[in-house]
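Accompanying notes for the structure given below.
As the structure lists them, so they are numbered: ligands from 1, and atoms in each ligand from 1.
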Amino acid sequence: MLAVNFDDTIAAISTAIGEGSVGIVRLSGKKALAIADAVFSGKGNLKPSEFKTYTMHYGRIVCAGEVLDEVILTIMRAPHSYTREDVVEINCHGGIVALRKVLDLVLGRGCRLAAPGEFTRRAFLNGRIDLAQAEAVIDIIRAKTDSALKVSLEQLKGGLSKEINKIRQGLLNILVVLEANIDFPEEDLKQHDMLEASESLSVVRRQLDRLLDSAKAGRILRDGIQVVICGRPNVGKSSLLNALLKKERSIVTPVAGTTRDSIEEMIDIKGIPVRIVDTAGILKPRNLIERKAVWRARNHIHSADMVIVLFDANRKLKEEDWKLIKEVKNRNVIAVINKIDLKAKIEKEKLSKTFYKIVELSAKKVKNINLLEDALYEFVYQGKLASPDFTLVNNLRHVNALKEAQKLLNNAASTLSDKLPLELLTQDLKDAAGYLDKILGKDLPGDLLDRIFADFCIGK
Ligand SMILES: Nc1nc2c(ncn2[C@@H]2O[C@H](COP(=O)(O)OP(=O)(O)OP(=O)(O)O)[C@@H](O)[C@H]2O)c(=O)[nH]1
Ligand SMILES: [Mg+2]
């Protein structure tokens, strides 16, 4: 981002571009009300700058006598607004032409186009939210499942920030105890102060470990996992994709080799966003198309987080099955036996020796699909459920900062037990607190903030 002036009044279209029933042009800054006065023509005698805060007004946006759109104007005065500045939202008709005309008009009246995420960045800079909360805004917009949304909403509410602050405060309390002793040689560190510092450090480390433990679940909820369905031709891979999706997405026929191109879809499995891929059956290719299809399927198998290997209950295991079993040996695998509505001919006992977990279902009859969903969920959380209050760490920047803090606290614990100089200990604790501050956005350099907010859309 070029150096921007955060004193400017900014404007942007805040709703998604495209046809919609309503579209919003949002303004924020000192001139927002004056600009609204210049472009809005309402019913009564009052001008927008005279409207009460948190009120809505019907009227028209007028430019040189021409009506650009019929609108509803919302006024939110500083400091009780999203940005803590004066905010005006012009609810226009949703078409892009009207919205652009209104935006161009206000831009011509003394404000500039907002940079990506600048409204939220101002909310952060003006102290309404910390950086972790600001980052939650983008995750709310991008949430792919209900659970992912809950985690981000909790973060926006300040749940994560509260946890981080608690750990940070714990560290500062230990520092107070230690610094009272620092001017004396370490043997003078009073026995009970030593004990207190050591116990408090254990508590803080446990809190930090717990937060980091939640990171895997948090990251999965935010970013999802990729699961690929593979198997030899005709075992029912496309039927399984359709059963999981609950719609006829992939073509299913009795002809072996129906699927050529990999098909990818997003599904919500118990709150986990799963990108599921149906692939071409793995076979000995007979022509160029099949060779490419198999090559593509193999690529997916090797890049996915999880592989579902599908078998046909009604057929004995074939050479292709064994080749595939060998190929996925070191991957995260769930073995699935499909077509359990037909006579069982598969040598299940041989599969049981190879796979720890086998799910049996019928994709065609949509039977036992829930067992596969359970197995996937179980695999992701390995028995550990997401904490019920949804205070999870889901952002890589936060995870990395917490890991650095964890390393420093581990060091600090060794320093304390080895009775090394107190200065070493206090420095590690201060540095650890510094990493926690970074999560909340304290003293972050502008270019790092630029990078964080560049991920936002314009208008948010
Ligand atoms: N009886 C029965 N038939 C099934 C079941 N699942 C799939 N089929 C049938 O098996 C045949 C192949 O199904 P597909 O889903 O196209 O199999 P596929 O593995 O995607 O096949 P390719 O794309 O050719 O590799 C179709 O005739 C399906 O109706 C099942 O659970 N029971
Ligand atoms: Mg198929």
### Message
Within ligand 1, which atoms have a heavy atom of V255 less than 4.0 Å away?
### Response
24 (O)
### Task
May I ask you to check whether P233 has an N/O atom sitting below 3.5 Å from an N/O atom of ligand 1?
no
### Proximal ligand 1 atoms for S362, defined as those under 4.0 Å from one of its heavy atoms
30 (C), 31 (O), 32 (N)
### Query
At a 4.0 Å threshold, what atoms of ligand 1 neighbour a non-hydrogen atom of A256?
24 (O)
### Cation over ring face, R168 and Y435, 6.0 Å, 45°
no
### Query
Between the side chains of R205 and N410, is a donor N or O closer than 3.5 angstrom to an acceptor N or O?
yes
### Message
Out of all atoms in ligand 1, which are within 4.0 Å of some heavy atom of L342? Include the element for each.
### Response
1 (N)
### Task
Under 4.0 Å from a heavy atom of P254: give me the atoms of ligand 1 that qualify, with their elements.
27 (O)
### Query
Taking atom 4 (C) of ligand 1 as the point of reference, which of K364, K237, R232 owns the nearest heavy atom?
K364
### Task
Using the ring of F6 (Phe, Tyr or Trp, six-membered ring only), decide whether R121 places NZ or CZ under 6.0 Å from its centre and within 45 degrees of its axis.
no
### Query
Between N234 and ligand 1, does any nitrogen or oxygen pair lie at a separation below 3.5 Å?
yes
### Message
Using a 4.0 Å cut-off to any heavy atom of V235, which atoms of ligand 1 qualify?
### Response
19 (O)
### Task
Tell me whether T279 has at least one N, O or S atom under 2.8 Å from the Mg ion (ligand 2).
no
